[in-house]
Amino acid sequence: MITAKTDSPTRAQISSPEDALLKRARAIHERVITLDTHIDFAPANLVGEQNYTQRLDTQFNLPNMIDGGLDGLFFVVYVGQTRETQSPEALKAPGFERAYKLALEKFDAVHRFTREIAPDKIELALDAADVRRINAQGKKIALIGVENGYPLGEEIAYVKEFYDRGARYLSLTHNGHNQLADSHTGERDGWKWNGVSPLGKQTITEMNRLGIMVDVSHASKDSMMQTAALSKAPIIASHSGVRARCDVSRNMDDEQLLALKQTGGVFQAVAYGGFVKTTKPDSPERSAARAAARREFDLPDPKSPGQHARFQAALNQLSDDQRAEYRRKRVEIDKQYPGDPPATVKDFVDHIDYAVKLIDIDHVGISSDFDGGGGVIGWNDASETFNVTLELVRRGYIEAQIEKLWGGNLLRVMEEVQRIAGDLQK
Ligand SMILES: [Zn+2]
């Protein structure tokens with residue numbers, strides 16, 4: 001039935017193209033499963049009195065996750081690499097033992113968090129079917145990845161132990177070579193194995209047999225290429241950038257991306273500012289002004305290695321007035337001595353675009369590295385997760401593609417890795 005409309009629409013009824021785009025992006029973000037494959041944590045933030053059920057001063061926590069419409073994450077059991085130059089026992093029993101204990105503490109924290117502290121809000125998933133079931137139940141999804149094979153020591157049996165504790169991916173290395181493989185840091189420091197060690201090769205075989213995804217983030221190019229050739233199952237890069245867009249050793253060049261694709265795997269682009277965009281160094285005037293402001297408030301330099309967390313903690317120790325005063329000074333410095341702007345969501349999505357063009361939509365995914373140094377302007381904590389989807393929609397990605405990027409591809413790889421493990425165990 002046609003009715004004559006005499007009223008002209010009110011302002012609210014006219015939606016601008018931008019409103020329509022926002023609405024479409026929100027609906028897509030709501031419908032697809034959004035998985036972030038790399039989030040770091042301190043065990044205390046999972047099992048302490050102050051924990052992730054509250055809005056802590058961390059990039060990731062459950063309230064931020066809910067606000068940002070992030071459905072699932074890999075909690076990363078990360079153990080830093082003690083180098084042989086730091087301790088002669090780094091790659092001997094005492095070093096391995098120490099690392100192993102740290103890893104167990106992190107596994108235990110994830111289990112306690114999901115089983116005892118927030119079982120009504122989040123649940124541990126062990127396979128892709130779990131991910132879909134937990135999501136359908138309206139709960140958040142926790143998975144476990146291991147960053148650095150160092151804590152495995154020389155005990156191949158620990159690979160199974162980590163699998164039994166829930167690990168579904170494991171990277172051979174972190175920063176610095178270990179008993180399994182060379183790290184990307186060899187570009188600066190030189191090589192130990194020229195790729196994967198004999199023990200590392202056995203470890204890959206064992207991961208294939210059990211159904212743990214082999215993660216090549218942090219590995220050297222030789223380690224990565226050898227892993228791609230050796231692995232009987234698809235491999236992943238849980239959090240890496242595109243080297244053609246930002247030339248740092250942590251990122252992957254085109255040859256590596258194509259080799260990863262060959263395995264059927266997935267490259268999870270990382271929103272880590274320093275791997276997204278190479279920023280020009282600060283001018284001497286800007287550096288001096290910033291250092292003076294920090295000195296005034298007794299703050300360490302967040303850009304020195306390993307100091308980011310200490311800087312955050314020291315900032316939190318200040319009174320509200322002091323913190324406001326420090327921030328006011330920072331704004332003033334930015335005005336007087338502008339720095340090269342840091343990486344944004346747009347810069348980050350440029351990496352996704354590049355990878356999609358090179359290795360196809362089926363082999364690319366998304367990761368933040370929150371609370372491990374990750375974050376870009378616009379996606380600087382889990383509450384801003386929607387901005388990534390919005391930027392993808394803005395660039396013309398359709399829902400089926402966004403679904404793949406946000407976890408569909410990763411789940412496909414997880415299923416494939418588990419299927420191959422089943423075959424290998426027969
Ligand atoms: Zn990392």
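All ligand and atom numbering here is 1-based and tracks the order in the structure.
- Not one N, O or S atom of His38 sits under 2.8 Å from the Zn ion (ligand 1).
- The NE2 atom of His239 and the NE2 atom of His218 subtend an angle of 100° at the Zn ion (ligand 1), given to the nearest 10 degrees.
- In this structure, the ring-ring contact (aromatic ring centres under 6.0 Å, His included) partners of His38, at least two apart in sequence or on a different chain, are His239.
- Among all heavy-atom pairs drawn from Leu104 and Arg165, the shortest one is CD2-NE, 3.5 Å.
- For His174, every N, O or S atom stays at 2.8 Å or more from the Zn ion (ligand 1).
- Checked for salt-bridge contact, Lys221 and Glu255 meet the test: a charged N lies under 4.0 Å from a carboxylate O.
- Atom OE2 is the N/O/S atom of Glu147 found closest to the Zn ion (ligand 1).
- A salt bridge is absent between Asp350 and Lys346; no separation between the charged side-chain nitrogens and carboxylate oxygens falls under 4.0 Å.
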